[in-house]
Each structure stands twice: as structure tokens, then as C-alpha cells.
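Everything below concerns the one structure shown next.
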Amino acid sequence: MIAVFDNFIQDPKLLKEIKDNYPDIFKDPGKYKYWDGWWKGKPKNTTQKIIEYVWGNHCPISKIYGIDGFEYWTGIQTAKDVDTKWKDELGLHFDKDEAWHKESGEIVSPVIGSVYYPSGQDFEGGELHVYTDGTDSTPEIVKAKPNRFIIFQAGQHIHTVKTVTRGKRNAIAINLWEKEPYSKQKGLLTIEQ
């Protein structure tokens with residue numbers, strides 16, 4: 001399953017907060033964080049407010065999941081002529097509890113994954129390719145565009161971000177976990193205060 005929702009966030013106050021806090025949201029890309037959810041405490045930052053908006057108040061799917069919390073992180077890919085600090089693509093992978101996999105060799109995945117592309121970006125490329133039928137088949141391709149929200153089986157389907165050819169692509173990835181990941185127990189996921 002891949003579900004795509006355009007112009008997803010409609011709350012002007014939240015859109016303004018995202019715009020105003022853009023540098024703070026993307027200050028530490030690739031740093032994995034964990035939030036227990038709005039039912040255990042109020043959001044402490046803009047990214048947690050985005051999570052509450054998309055998964056709590058405006059959840060676009062009808063399936064009900066038992067969720068312990070949310071793993072989230074930001075990603076930045078840039079065209080090579082813009083900035084060499086970031087990669088221009090993201091290789092094939094699927095989302096899993098990295099610490100548990102490293103210790104046990106077992107794969108434990110999130111219940112479901114999602115990606116949000118905030119407004120205020122201007123880039124080309126950076127499409128999300130999701131191999132729902134294996135890497136020998138043609139992937140499902142979802143264009144990255146501002147204020148688009150995507151839901152997919154990030155833990156079951158290998159996926160990749162193709163090359164950004166112009167500008168900078170910023171994304172917020174959000175995985176829903178049924179049980180607290182071992183990576184959190186090992187201190188590899190940051191708990192924002």
C-alpha cells in the first residue's frame with residue numbers, strides 16, 4: 001500500500017510555524033528521535049506537532065494500529081552543484097530497528113511508515129521509489145513535492161530516494177512503532193525534552 005495526499009496540512013497556524021521553524025526542524029538531519037505520542041504528553045516541538053496533526057487529528061487512513069510511539073527524523077538531499085555536505089540520493093533500504101538487527105540479526109520493523117515534504121522547497125528529482133513487488137520489478141514512483149504526505153510499508157518494502165538534480169529536498173520521515181524499539185532502549189533514539 002502506498003497512499004499519497006497532496007496539500008495535506010491545511011492549518012494556517014501550523015504551516016506558519018513550520019515556515020518559521022524550518023531551520024530548527026532540519027538542524028540535525030539523520031538524527032533519529034522518538035516521541036511517545038500526544039496521549040502521553042503535549043508536543044514539545046514543531047515536528048511533534050506535525051506528527052500529531054497527520055496521525056492524530058487528520059489521519060487519512062481508516063485502519064487502526066496499536067501504537068507505542070513515533071520514530072522520526074529529517075533527511076536532506078541536495079543537487080551536487082548546490083551543496084556537497086549532503087548526498088544527492090538515498091540508497092536502497094527498508095526501515096527496521098537498527099540496534100536489534102545489529103545485535104540479533106533479526107529484523108523488527110515499524111507498523112507503518114510515512115514521509116512529509118514541508119512547503120517552501122524548490123527542487124527537482126528526489127522521487128521516492130518503493131519496490132512493493134521486490135527489486136526485480138518496476139518500483140512505484142512517488143514524486144516529492146511540497147505539502148505532500150505519503151504513507152507506505154517502510155519496514156516491508158525496499159525503497160530509495162533518487163537523485164536530486166536541482167535544489168535541496170527536505171523530508172520528515174515518521175515511523176509508527178507498535179512496541180518501543182530496542183534502539184530507544186539502547187539510547188540510539190533521542191528523546192527531545
Side-chain angles (χ1 to χ4, degrees), residues 1-35 43-61 70-95 110 112-131 139-154 157-176 189-190 192:
M1 170 201 72
I2 299 177
V4 179
F5 305 93
D6 286 331
N7 299 313
F8 189 74
I9 294 181
Q10 294 293 313
D11 179 347
K13 184 177 173 184
L14 181 56
L15 288 170
K16 182 179 183 330
E17 182 173 338
I18 293 167
K19 181 180 178 184
D20 292 347
N21 294 325
Y22 212 86
D24 191 51
I25 294 168
F26 290 95
K27 71 180 176 193
D28 53 5
K31 186 174 184 180
Y32 297 89
K33 301 168 186 167
Y34 196 81
W35 182 41
K44 296 181 176 106
N45 58 50
T46 304
T47 308
Q48 290 178 1
K49 289 179 184 177
I50 293 169
I51 294 169
E52 181 178 25
Y53 182 94
V54 300
W55 285 109
N57 302 327
H58 298 88
C59 185
I61 59 174
F70 303 87
E71 172 190 23
Y72 63 98
W73 66 98
T74 57
I76 297 175
Q77 277 78 42
T78 60
K80 288 184 178 178
D81 64 341
V82 172
D83 188 349
T84 57
K85 180 177 181 182
W86 312 112
K87 293 182 180 181
D88 60 353
E89 62 184 16
L90 184 61
L92 284 171
H93 68 285
F94 58 90
D95 298 0
I112 199 159
S114 58
V115 178
Y116 176 68
Y117 304 105
S119 296
Q121 304 187 65
D122 184 24
F123 62 91
E124 291 177 5
E127 299 87 359
L128 176 66
H129 286 216
V130 182
Y131 291 85
E140 295 188 49
I141 301 170
V142 182
K143 184 176 178 173
K145 63 187 235 184
N147 205 12
R148 175 171 271 183
F149 182 59
I150 304 167
I151 300 171
F152 68 108
Q153 299 292 335
H157 299 306
I158 291 179
H159 51 282
T160 184
V161 174
K162 299 312 272 186
T163 304
V164 174
T165 57
R166 183 182 63 77
K168 183 196 290 189
R169 172 194 179 273
N170 293 332
I172 300 169
I174 307 161
N175 283 339
L176 285 67
L189 301 178
T190 302
E192 293 187 306

(message) Checking T46 now: which residues fulfil side chain to side chain donor-acceptor pair (under 3.5 Å) with it, not counting sequence neighbours?
(response) E17, N21
(message) Distance check, rounded to the nearest 0.5 Å: I50 atom CD1 versus N45 atom CG?
(response) 8.5 Å
(request) Name all residues meeting the ring pair (Phe, Tyr, Trp, His ring centres under 6.0 Å) criterion together with F152; count only those two or more places apart in sequence or in a different chain, and write none if there are none. (result) H159
(request) Using a 4.5 Å cut-off on heavy atoms from C-beta on, say whether the side chain of Y34 contacts that of E71. (result) yes
(message) Checking K145 now: which residues fulfil side-chain contact (heavy atoms from CB on, under 4.5 Å) with it, not counting sequence neighbours?
(response) D6, R148
(message) I need the minimum non-hydrogen distance between V82 and G167, along with the two atoms involved.
(response) CG2-N, 3.7 Å
(request) Using the test salt bridge (Lys or Arg N to Asp or Glu O under 4.0 Å), find all partners of D24 that sit at least two apart in sequence or belong to another chain. (result) K27
(request) Starting from the C-alpha separation in whole Å, work towards a yes-or-no answer on side chain to side chain contact (heavy atoms under 4.5 Å, CB included) for N170 and I76. (result) CA-CA 5 Å; N170 293 332; I76 297 175; 3.2 Å; yes
(request) For residues G126 and A144, report the shortest heavy-atom separation together with the two atoms involved. (result) O-CB, 3.5 Å
(request) Hey, could you give me the CG/CZ distance between N147 and F8, rounded to the nearest 0.5 Å? (result) 9.0 Å
(request) Could you pull out all residues at least two apart from Y117 that satisfy side chain to side chain donor-acceptor pair (under 3.5 Å)? (result) R169
(request) Can you sort out the partners of K16 under side chain to side chain donor-acceptor pair (under 3.5 Å), two or more places apart, ordered by chain and number? (result) D20
(request) Please lay out, stage by stage, how I151 and M1 fare under the test side chain to side chain contact (heavy atoms under 4.5 Å, CB included). (result) CA-CA 8 Å; I151 300 171; M1 170 201 72; 3.6 Å; yes
(message) I'd like to check the side-chain contact (heavy atoms from CB on, under 4.5 Å) partners of P118; sequence neighbours left out, ordered by chain and number.
(response) I18, Y22, F26, Y116, Q121, I172
(request) Report the residues that fulfil ring pair (Phe, Tyr, Trp, His ring centres under 6.0 Å) with Y32, sequence neighbours left out, ordered by chain and then residue number. (result) W73
(request) Enter the distance from E140:CD to E127:CD here, rounded to the nearest 0.5 Å. (result) 14.5 Å
(message) Taking the side chain as everything from C-beta on, heavy atoms only, tell me whether E89 gets closer than 4.5 Å to V161.
(response) no
(message) Measuring from atom CZ of F70 to atom CG of N175, what distance do you get when rounded to the nearest 0.5 angstrom?
(response) 10.5 Å
(message) Please identify which of these residues, T47, T74, D28, meets the side-chain hydrogen bond (donor to acceptor under 3.5 Å, both in side chains) condition with K33.
(response) D28
(request) Give the minimum heavy-atom separation between S119 and P146, together with the two atoms involved. (result) CA-CB, 3.7 Å
(request) Apply side chain to side chain donor-acceptor pair (under 3.5 Å) to T165 and list each qualifying residue two or more places apart in sequence or on a separate chain. (result) none
(message) Applying side-chain contact (heavy atoms from CB on, under 4.5 Å), can you list everything that pairs with H157, at least two apart in sequence or on another chain?
(response) V130, T132, Q153
(message) Strictly distance-based, threshold 3.5 Å: is any side-chain N or O of H93 a donor or acceptor partner for the main-chain N or O of G91?
(response) yes
(message) Within this structure, what is the CG-OG1 distance for the pair L92 and T160, rounded to the nearest 0.5 Å?
(response) 5.0 Å
(message) For a quick test of reading the model, state the closest non-hydrogen atom pair linking G113 to A154 and the distance between them.
(response) CA-CB, 3.9 Å
(message) If I take atom NZ from residue K162 and atom CG from residue L90, how far apart are they, to the nearest 0.5 angstrom?
(response) 10.5 Å
With a cut-off of 3.5 Å and sequence neighbours excluded, list every side-chain donor-acceptor pair involving residues 53-60.
{"unit_1": "Y53", "atom_1": "OH", "unit_2": "Q10", "atom_2": "N", "d": "2.9"}
{"unit_1": "W55", "atom_1": "NE1", "unit_2": "S114", "atom_2": "OG", "d": "3.3"}
{"unit_1": "H58", "atom_1": "ND1", "unit_2": "Y53", "atom_2": "O", "d": "3.3"}

(message) I'd like to check the side-chain contact (heavy atoms from CB on, under 4.5 Å) partners of P43; sequence neighbours left out, ordered by chain and number.
(response) W35, Q48, K49, E52
(request) Go through the steps for Q77 and D88 under the test side chain to side chain contact (heavy atoms under 4.5 Å, CB included), then give the verdict. (result) CA-CA 5 Å; Q77 277 78 42; D88 60 353; 5.6 Å; no
